[in-house]
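Below, read A as the first sequence line, B as the second, and so on, with proteins coming before strands; counting in each chain starts at 1.
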There are 2 protein chains.
Amino acid sequence: MISEVEKIFSEFLEKKDLKLTSQRRTILHQAVKARGHFSAEELLGFSKGADRTISKATVYRTLALLKDSGTLEEHDFGGGKKLYEKAQGRRHHDHFVCIRCGKIIEFENDQIENLQDLEAKKQRFKVVYHSLKLFGFCSSCK
Amino acid sequence: MISEVEKIFSEFLEKKDLKLTSQRRTILHQAVKARGHFSAEELLGFSKGADRTISKATVYRTLALLKDSGTLEEHDFGGGKKLYEKAQGRRHHDHFVCIRCGKIIEFENDQIENLQDLEAKKQRFKVVYHSLKLFGFCSSCK
DNA sequence: CTTGATGCAAAGTGTTTGCAACTTA
DNA sequence: TAAGTTGCAAACACTTTGCATCAAG
C-alpha cells in the first residue's frame with residue numbers, strides 16, 4: 001500500500017522533475033516511522049538498518065527535500081545539531097526543552113499564535129513560519 | 001571611568017577566580033559598543049581594530065564568558081553562524097527575521113510573555129530563558 | 001611566583017559538494 | 001537514453017582545543 005505521506009512526497013518530487021528512488025523511499029519511511037525528534041545521524045542509522053548501502057550524503061540531500069515538501073520540520077534546540085520531526089498531518093506546536101535531561105515537551109497554544117499574528121500585523125510583517133522554544137527544567141529535573 | 005557593564009563583568013570573573021585581562025576588556029568594550037546583532041567573526045574584526053594581536057580563540061573564549069555573565073545574549077537566526085547582542089541593561093524582546101533581506105526587527109509583547117508563563121505553569125516547567133522568532137518577509141520585502 | 005590566559009595551528013563537528021558510475025521515468 | 005541520483009571522499013564553515021609562552025593578581 002502507498003501511504004498518504006508517500007503520495008504527497010512523490011507528487012512533490014514529480015512537480016519538480018525529481019525522481020523517487022529506492023533510497024528516497026527508504027529514508028522517507030524511516031523518517032516518518034521514527035517517533036519524536038531525531039538527528040540526521042540517527043536517520044542515517046535507521047536508514048542503514050533498512051538498506052546498508054545508503055550514504056550520509058543521500059540522507060542529507062533527502063532531508064532537504066523532506067523539509068521542502070512539508071513532510072518534516074527542522075528544529076534547532078541548541079547542541080549543535082539540527083533535529084527533525086514528522087510534520088505531515090500534524091498540527092503546529094511549540095516546544096519546551098529541558099536543559100538538564102534534554103527532554104522535549106510539545107504544546108499547542110492558540111492564544112499565543114493569535115497574539116503573534118497581531119504583532120506581525122502591527123509590524124507589517126508577513127510571517128512564513130515561526131519558532132517558540134522555552135528552555136529550562138522539566139518537572140522531573142527542577 | 002569604569003562602566004556598569006565592566007563592573008558586572010569583572011565581578012563575574014572575580015567570583016570564578018578568573019582574570020580580567022586586557023584582551024577581555026577590549027573584547028567586552030567592542031561587544032558592548034556594537035549596535036545590533038553581530039557574529040563572532042565581526043567581533044573579532046572590531047577587536048582587532050582596537051588591538052591587532054587579539055586572536056580568534058580568545059574572542060570565542062571571551063564570548064562564552066560574556067554570555068555566562070549575562071552581558072550578551074546569543075541568538076541563532078539560522079544561516080549557520082550565531083549572532084550576539086548586548087543584554088545587560090536591556091529589556092527582554094523577541095525577533096522578526098526577514099528571510100529575504102536578513103533584517104532583524106525586535107519587539108516586546110508582555111501578553112505573549114504572560115501566556116508563556118501560564119503554559120509553563122500548566123506543564124510544571126521552570127523556564128530559564130526562551131526564544132521566539134517569527135520568520136517571513138519584512139514590509140519592504142513582501 | 002602561582003594560576004590562569006593567550007596566540008597559534010591543528011583538530012573537531014555537522015553538513016555540503018565534485019565527480020564518475022548508475023538509476024529512474 | 002536523457003536527466004537526475006548515488007556513494008565516496010574531499011571540502012566547508014564555524015568553533016574548540018593542545019601546548020608552550022605570557023601576564024594578572
- In Å, rounded to the nearest 0.5 Å, how long is the span from CZ of B:Phe107 to NE2 of B:His93? 10.0 Å
- Message: Do A:Glu6 and A:His29 pair up side chain to side chain, a donor and an acceptor below 3.5 Å, judged on atom types alone?
- Response: yes
- Item | Stepwise side-chain hydrogen bond (donor to acceptor under 3.5 Å, both in side chains) test for B:His92 and B:Glu108 | CA-CA 7 Å; B:His92 169 78; B:Glu108 286 181 22; over 6 Å; no
- Okay, side chain of B:Lys133, backbone of B:Asp76: is any donor-acceptor separation there less than 3.5 Å? yes
- Task: Using salt bridge (Lys or Arg N to Asp or Glu O under 4.0 Å) as the criterion, list what pairs up with B:Lys67, not counting sequence neighbours.
- Result: B:Glu74
- Task: Take atom CG of A:Leu63 and atom P of C:dT16, then tell me their distance rounded to the nearest Å.
- Result: 9 Å
- Could you tell me whether the side chains of A:His37 and A:Glu42 share a donor-acceptor contact shorter than 3.5 Å? no
- Round to a whole Å and report the spacing from NZ of B:Lys15 to C1' of D:dG25. 18 Å
- Message: When you measure from the side-chain N and O atoms of A:Arg24 to the phosphate of D:dG4, is any distance below 4.0 Å, counting only OP1 and OP2?
- Response: no
- Polar side-chain atom of B:Lys142 near backbone of A:Arg124 as donor-acceptor pair, under 3.5 Å: yes
- Task: Quickly work out the A:Leu83 CG to C:dG14 C1' distance and round it to whole Å.
- Result: 12 Å
- Query: Roughly how many Å is it from CG in B:Leu65 to P in C:dG4, rounded to a whole number?
  - Reply: 14 Å
- From CG of A:Asp76 across to C1' of C:dT15 the rounded distance in Å is 13 Å
- Item | Interatomic distance, B:Glu113 atom CD to B:Asn109 atom CG [nearest 0.5 angstrom] | 7.5 Å
- Message: What is the distance, to the nearest angstrom, from the CD atom on A:Glu14 to the P atom on D:dA3?
- Response: 18 Å
- Item | Between D:dT15 (P) and B:Lys82 (NZ): distance, integer Å | 6 Å
- Which ones in residues 36-61 of chain A lie close to DNA chain D, meaning a heavy atom under 4.0 Å from one of its atoms? A:Thr53, A:Ile54, A:Ser55, A:Ala57, A:Thr58, A:Arg61
Protein-nucleotides 20-24 of chain C N/O pairs closer than 3.5 Å?
from   : atom 1 : to      : atom 2 : distance (Å)
C:dT24 : O2     : A:Lys19 : NZ     : 2.6

- If only atom types and distance count, is the side chain of A:Thr58 paired as donor or acceptor with the main-chain N or O of A:Ile54 below 3.5 Å? no
- Task: Return the value, rounded to whole Å, for the distance between atom NZ of B:Lys81 and atom P of C:dT15.
- Result: 17 Å
